[in-house]
Amino acid sequence: MKSKKADRPYKACLGVLAAGMLVLLAGQGFLRAAYPKDAVALHIESGDKSLLDGFTVQGLWKQSTASALAFTLADGVLSEKPLFRTSSYDPLPLLDQYQLCVPDDVMAAVDERAEGGHISGSYGAFFLHTPYEGMQYTAQADTLNQVYTLMVTDGSNRSVRFSLGQTTLPEAVTVTAEVYDKSKAGDSHPYMLNAAEVANDGYDIRDVTILDAEEPVSLYVSPGNGEDGGIYMVRKFCFPEEIEKLVPEVDVQGMPVSSLNQAYGTVEEVCTLEDGETLVPCESWKNARLENGRWILTRSEEGNLILYLLDGEWKSVAKLPLDISLTAGQSAAILPSLRMDEIVFAIKNQEGGGQLIVLRMDQNSIEQQSCLPLTKDSLPITAGFSTDGSRLMVVSEKTERLAGTVPESVIRHYTGADSLAQEIDCSISAVTGWNVQVYSGKENAQPMLSAYLDFGIAQRWKQELWFSKLYGAERTIQLFSVTAAWEQAGEGTA
């Protein structure tokens with residue numbers, strides 16, 4: 001009797017494993033070629049290298065969103081690692097609309113006083129123009145509903161809409177309604193105006209800031225209209241089919257259009273600020289993280305800063321007044337931290353400079369604080385204490401003015417010049433490294449150590465030099481970024 005050949009499913013698994021190894025090896029080869037070995041070098045200018053012990057600085061050299069070279073300076077030792085995935089931070093693509101809308105219950109009265117006219121045009125590019133026709137109506141109104149709509153522009157067409165309250169303005173403003181034919185029916189709307197049109201007119205209009213675009217999305221709503229400011233989280237975005245069932249229609253000159261006043265989706269207030277408090281205008285709120293939550297800075301009516309410690313749901317767990325004030329013309333920038341238990345931010349003046357604040361936290365209290373004066377030429381990109389807290393590291397960008405010549409062949413290639421072109425001299429400002437300084441944790445007068453990380457990528461600078469001259473795009477080139485302690489880079493291929 002002929003024996004049957006036994007199935008060996010592990011062979012298929014081995015095949016898949018082999019294919020995966022080939023992909024990884026190919027990716028490693030590409031990354032190694034794109035990012036040369038020892039691309040980052042450490043140079044000590046003054047001080048003892050041992051002063052770098054207890055510090056870990058991580059950075060990325062990115063040439064695309066899909067790959068990067070991660071480098072780490074830990075206890076004075078540099079290491080490099082090519083990566084396929086450069087960040088765990090995955091924000092949603094968001095688009096917001098803030099409108100002042102005539103309430104549905106007074107729509108008919110406003111509509112009776114409206115005047116209108118015919119509008120037409122086309123949209124689309126090249127030969128794909130689509131013509132449209134419609135009517136535009138204007139009227140005067142002083143009672144308006146503050147309506148905020150946040151849309152996810154990833155193709156899902158999800159959105160959430162909520163009201164920030166109804167307000168009566170001291171004088172009537174012009175509101176507009178538009179009704180289009182089928183080719184542009186989705187743009188039809190009842191009487192409204194964009195909040196930005198009256199934002200600087202002294203009206204009691206609330207403002208909305210997106211704090212974090214990762215789901216669940218978090219928003220700050222400023223005080224106004226008789227309400228205190230607070231932090232809100234979007235609990236649910238609605239899809240178009242859900243919105244269609246929820247939103248009623250209103251009449252504009254006898255034609256039905258979707259109401260702008262109907263709220264949908266779910267938004268929850270998770271942290272209410274006290275009376276008179278406002279969120280400090282900051283850059284890079286995504287960097288305001290700690291190991292077990294978040295933090296925000298607010299300002300009292302007197303200008304004093306207050307630190308809120310929040311949990312993972314942005315709910316307040318501690319409120320700590322700081323001995324720091326924010327005056328007119330100053331702003332704050334949140335910097336990526338070197339450690340999960342530290343808070344780093346800079347107060348910047350209009351003319352440049354300011355002060356750097358580093359806080360080491362212990363549970364819900366400040367264990368250690370350092371304040372370092374800054375000039376416009378020394379604005380840091382990250383900072384932090386050593387493990388034992390005895391020293392403070394400050395990292396800033398090292399910018400140089402590089403000069404070069406655009407070769408004749410390059411000029412012909414990029415400009416299409418037929419005749420021989422003469423070489424062009426050019427220069428550009430480029431971030432060629434990071435300055436690293438270590439101070440005493442208690443006294444910050446003079447650095448105990450000065451060093452720099454050098455990014456040895458001369459060929460890339462040469463290309464940027466050529467492009468800047470050929471296309472007149474003068475700019476400072478920045479190819480390197482700090483990796484915050486909370487941001488986990490993707491798996492490497494090494």
Side-chain angles (χ1 to χ4, degrees), residues 40-60 70-80 284 287-291 295 307 309 320 322-324 332-348 353-398 431 433-455 480-487:
V40 184
L42 173 65
H43 302 274
I44 305 296
E45 294 180 299
S46 64
D48 193 322
K49 186 179 178 181
S50 64
L51 292 171
L52 294 173
D53 291 347
F55 293 105
T56 299
V57 184
Q58 301 177 84
L60 285 179
F71 55 92
T72 301
L73 176 63
D75 299 323
V77 178
L78 265 174
S79 60
E80 299 169 0
S284 303
N287 288 326
R289 299 195 181 193
L290 290 166
E291 186 170 12
W295 57 273
L307 174 67
L309 301 181
L320 308 174
L322 301 177
D323 189 21
I324 304 168
I334 300 172
L335 306 183
S337 60
L338 299 182
R339 294 170 52 97
M340 298 286 284
D341 59 352
E342 290 184 349
I343 290 172
V344 187
F345 62 94
I347 303 295
K348 301 192 297 184
Q355 55 183 326
L356 172 70
I357 294 90
V358 182
L359 308 175
R360 174 165 291 180
M361 309 305 297
D362 181 16
Q363 298 298 323
N364 295 328
S365 62
I366 298 173
E367 177 184 335
Q368 188 172 356
Q369 176 175 339
S370 181
C371 182
L372 185 68
L374 301 171
T375 67
K376 64 179 181 179
D377 298 322
S378 65
L379 292 176
I381 55 175
T382 189
F385 291 110
S386 58
T387 303
D388 60 7
S390 64
R391 286 155 287 134
L392 174 70
M393 174 182 282
V394 179
V395 181
S396 59
E397 292 179 336
K398 180 183 179 183
V431 177
W434 288 349
N435 292 312
V436 179
Q437 294 181 310
V438 176
Y439 297 83
S440 167
K442 297 181 180 179
E443 184 180 351
N444 301 323
Q446 295 294 328
M448 305 163 64
L449 174 139
S450 291
Y452 68 92
L453 295 177
D454 179 47
F455 306 143
F480 301 86
S481 61
V482 179
T483 302
W486 57 265
E487 189 172 12

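Numbers here simply count residues along the sequence, with the first being 1. Bear in mind that the values here come from a model prediction, so they are computed numbers and not experimental data.
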- Query: Could you state the interatomic distance from OG1 (Thr387) to CG (Asp75), rounded to the nearest 0.5 Å?
  - Reply: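 Output value for this atom pair is 7.0 Å.
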- Task: Determine whether Met393 and Ser386 make a side-chain contact, defined as any pair of heavy atoms from C-beta on separated by less than 4.5 Å.
- Result: no
- What are the two closest heavy atoms between Lys49 and Gly76, and how far apart are they? CE-O, 3.0 Å
- Message: Between Gln369 and Asp323, is the side-chain contact (heavy atoms from CB on, under 4.5 Å) condition met? List the steps.
- Response: CA-CA 11 Å; Gln369 176 175 339; Asp323 189 21; 5.7 Å; no
- Got Leu335 and Leu356 here, is their nearest side-chain heavy-atom distance under 4.5 Å? yes
- Task: Mind checking the CG-CG spacing from Leu52 to Leu73? Nearest 0.5 Å is all I need.
- Result: 6.0 Å
- Residues forming a ring pair (Phe, Tyr, Trp, His ring centres under 6.0 Å) with Phe55, sequence neighbours excluded: none
- Message: Ignoring hydrogens, what is the shortest heavy-atom contact between Val358 and Gly384? Give both atom names and the distance.
- Response: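 Result for this residue pair: CG1-CA, 4.1 Å.
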- Message: If you compare all heavy atoms of Ser370 against all heavy atoms of Leu392, which two are closest, and at what distance to 0.1 Å?
- Response: OG-CD2, 3.5 Å
- Message: Can you tell me how the ring of Phe71 sits relative to the ring of Trp434, calling it parallel under 30°, perpendicular over 60° and tilted otherwise?
- Response: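 Correct class here is tilted.
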- Donor-acceptor pair, Glu80 side chain versus Val40 backbone, under 3.5 Å? yes
- Task: In sequence, state the C-alpha distance, the side-chain angles, and the governing distance for Leu307 and Phe345, and then conclude on side-chain contact (heavy atoms from CB on, under 4.5 Å).
- Result: CA-CA 11 Å; Leu307 174 67; Phe345 62 94; 6.0 Å; no
- Task: For Ala333 and Lys348, work out which heavy atoms get closest and say how close.
- Result: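 The pair with the smallest heavy-atom distance is CB-CE, 4.1 Å.
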- Going by heavy atoms in the side chains, are Leu453 and Leu78 under 4.5 Å from each other?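 In contact.
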- Item | Sub-4.5 Å side-chain heavy-atom contact between Arg360 and Arg339 |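 Sidechains of Arg339 and Arg360: in contact.
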- How long is the span from the CG atom in Asn287 to the OG atom in Ser337, to the nearest 0.5 Å?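 Result: 7.5 Å between the selected atoms.
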- Item | Approximate separation, where rounding is to 0.5 Å, of Ser284 OG and Ile334 CD1 |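 Between Ser284 OG and Ile334 CD1, I get 7.5 Å after rounding to 0.5 Å.
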- Note on the structure: d(Leu359 CG, Ile366 CD1) to nearest 0.5 Å is 5.0 Å
- Do any N or O atoms from the side chain of Glu342 and from the backbone of Phe385 form a donor-acceptor pair under 3.5 angstrom? yes
- Message: I'd like to know if the side chain of Thr382 reaches the main chain of Pro336, judged simply by a donor and an acceptor atom lying under 3.5 Å from each other, with no hydrogens or angles considered.
- Response: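 Yes.
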- Message: Please report the interatomic distance CD1(Ile381) to CZ(Phe480), rounded to the nearest 0.5 Å.
- Response: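 Spacing of CD1 (Ile381) from CZ (Phe480) equals 11.0 Å.
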- Can you name the nearest heavy-atom pair linking Leu374 to Pro380, along with the distance?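 Residues Leu374 and Pro380, closest heavy atoms: CD1-CD, 3.5 Å.
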- Message: When you compare the side chain of Glu367 with that of Asp341, does any pair of heavy atoms fall below 4.5 Å?
- Response: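 Side chain of Asp341 against side chain of Glu367, heavy atoms only: no contact under 4.5 Å found.
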- Query: Side chains of Val395 and Leu338: closer than 4.5 Å at any heavy-atom pair?
  - Reply: no
- Note on the structure: All heavy atoms of Ser396 vs all of Leu379, minimum pair found to be CB-O, 3.6 Å
- Which residues satisfy the side-chain contact (heavy atoms from CB on, under 4.5 Å) test with Pro447, sequence neighbours excluded?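 side-chain contact (heavy atoms from CB on, under 4.5 Å) check on Pro447 returns Gln437, Tyr439, Ser450.
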- Message: Between Val436 and Val57, is there a side-chain heavy-atom distance shorter than 4.5 Å?
- Response: no
- Query: Heavy atoms, side chains only, cut-off 4.5 Å: are Leu309 and Met361 in contact?
  - Reply: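 A side-chain contact exists here, since the closest heavy-atom pair is under 4.5 Å.
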